Each structure stands twice: as structure tokens, then as C-alpha cells.
Amino acid sequence: MPVTENALSEKIFKEKPILKKSVLKRSFYERDTSLVAKDLLGKILITVSCDADIQIKNEFCAGMIVEDEAYYGLNDPASHACNGPTPRSNIMFETPGITYVYFCYGNHWLLNAVTEKFGIPGAVLIRAIEPIYGTSIMSYRRSTNRLENLTNGPGKLTQAFGIKRDFNGRDLTDTESPVFIIDGSGFKNPYLQVSKKEIVSRPRIGIKNGTDKLLRFYIKDNKFVSKK
DNA sequence: ACCACGATGAACT
DNA sequence: GTTCATCGTGGTC
């Protein structure tokens, strides 16, 4: 199934009222982190580039979230908040619905959505996305034309979507934000309707501790999931 | 001040 | 399957 750079895309960018109606509200994020993680599958992430360089200013990228992981606080040994707040993990205790973007392995920026009530740490790591719009920009940023290789990993998708340090602490519930998430159902995109999301739950990956619980979620059989 | 390591990805064999 | 580049963070001294 080819990517749908189609009428949906035009609506996303030109019909601001629809955008504002479709954007996920703060109450969506102010819940148990695993519930938020499961409900984020099938939702649409949108970024607006603010790259200082080159010709990709004010360009949109959009894609469907197909894989993510839940991270909690004190009782979660894999969480950055497991020892309480630090300069880095402070933001996990903050207002739900904002981003937590951090630098990993010396190369990569990873995108999280902050969850739970203010003061309770929690975040959902966005691990994989299925591109919907902006693939030429994604290809440019990723230095590859292979569609399946653009956004099938947490570090890959941030590179493709232009998410870096300055995307930390941004409001995902604001359509004027450089990054926000909408419920795509309002766009009546047949392609998205086809993906009746069957959610698979597995242990989180890439961590040593905290693999006992099933906190990784992905859409069954979606080819953009980072690893089966 | 020091240092081990990581919510990864790419390039290998 | 393997190795390794890369550097911010946080724990320890």
C-alpha cells in the first residue's frame, strides 16, 4: 500500500478548524500511561519544520503512530524518573500533553508524550510511525528513499520529522506548536480506516531492567513497526 | 572532576 | 548474527 500523499494532506494543512477539532486534548494524556500508549496507536503525529538551515522551513510532516512504549516513575526501573526528578527527567513530572525529547546514544533524539496528572511521572515513547505526508522531506533528512526505512524506529522517526532538542517541552495539544497529535478519524481517510488497529502487547525493548511487564504496544502486522 | 552507560542505528560478517 | 560511533546524563568520588 503506497503512502497517501493525497487529499487528506491538503485538509490537514488548510482546514485549521478541522485541525483544532481533531487535536488530542490534555485530558487524553492525563490518564494511566499504558492506556494513553494504547490509545495513541492510530493517531497522527504532525510536525512543522523549524530547521534553521536550508529550504525546509514551515514544511509539514505527518504520520500514523504504529508503535510505542509506556514508562512510569518510581516503580519502573527502566524509566528516567525511577530515582525521582532530575534536571533531565523533571519534565516527566510536568503537565500531561507536552513533549519529553531527550538525547540518546550520542546520536539520536527520542520523542515522548508526557502523561499522568501533574506531579506524577509518566511518558509514552513513540517508537514507530507510518508516513502519511512529507515523505520527500523525510527522505532528505534520512538520506534514504526506502519508504519502510524512514520512520520504523524511535531515532529514525525523529530524524525524519526534524525533531531535535528544541522540540522538548512543547505542547502536543496546540495546533500552533511545532509538534502536535490529532485524531485522524475526522478526515475520513479510507486508508486509515482500513487499519482496524489490532494492538499487540510485548515487553519493552532496548532496556536491561523492567522487561517483565508488557508495556510495548504496536499495531499487528504493520510493516513500519521497528522490530517484530 | 571523573566515568560508565544508554528507551539506537548503521555497517558490517 | 556482530561491532561500534557518539555524547549527555547522572551517580560516584
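So that the names make sense, note that chain A is the first sequence line, chain B the second, and so on, each numbered from 1. Just so we're clear, the structure is a prediction, and the values are computed from it rather than from any experiment.
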message = With a 6.0 Å cut-off on the ring centroids, do A:Phe103 and A:Trp109 count as close?
response = yes
inquiry  = What contact category does A:Arg88 fall into here, base, sugar-phosphate, or nothing, at under 4.0 angstrom with non-hydrogen atoms?
reply    = sugar-phosphate
ask   = Does a donor on one side chain and an acceptor on the other come within less than 3.5 Å for A:Thr115 and A:Tyr71?
value = no
task = For DNA chain B, list all stems, counting runs of three or more consecutive pairs where every pair is Watson-Crick or G-U wobble with both distances under 3.5 Å.
result = B:1-6 with C:7-12, B:8-12 with C:1-5
request  = Flag the pair A:Leu45 / A:Val179 as yes when at least one side-chain heavy-atom distance between them is below 4.5 Å, and no otherwise.
outcome  = yes
ask   = What is the nucleic acid contact for A:Arg165, judged by heavy atoms within less than 4.0 Å: base, sugar-phosphate only, or nothing?
value = nothing
task = Answer yes if the side chains of A:Tyr100 and A:Asn90 hold a donor-acceptor pair under 3.5 Å, and no otherwise.
result = no
ask   = Any donor and acceptor pair, going by atom type alone, linking the side chain of A:Thr99 with main-chain N or O of A:Val101 inside 3.5 Å?
value = no
ask   = Do you see a donor-acceptor pair shorter than 3.5 Å between the side chains of A:Arg141 and A:Gln159?
value = no
request  = Go through DNA chain C in 5' to 3' direction and return only the first and the last nucleotide with some atom under 4.0 Å of chain A's heavy atoms.
outcome  = C:dA5 to C:dG11
task = Would you kindly check if the NZ (Lys) or CZ (Arg) of A:Arg31 is within the cone defined by 45 degrees around the ring axis of A:Phe28 and under 6.0 Å from the six-membered ring centre?
result = yes
task = Check every nucleotide of DNA chain B for an atom under 4.0 Å from a heavy-atom of chain A, then give the first and the last such nucleotide from 5' to 3'.
result = B:dG6 to B:dA10
Flag, side chain of A:Arg216 to backbone of A:Ser201, donor-acceptor distance under 3.5 Å = no
message = Regarding A:Ser226 and A:Glu67, do their side chains bring together a donor and an acceptor under 3.5 Å, going by distance alone?
response = yes
message = Mind checking if A:Asn83 touches a base, just sugar-phosphate, or nothing, with heavy atoms under 4.0 Å?
response = sugar-phosphate
ask   = Quick one: are A:Tyr72 and A:Ser79 in side-chain contact, heavy atoms under 4.5 Å?
value = no
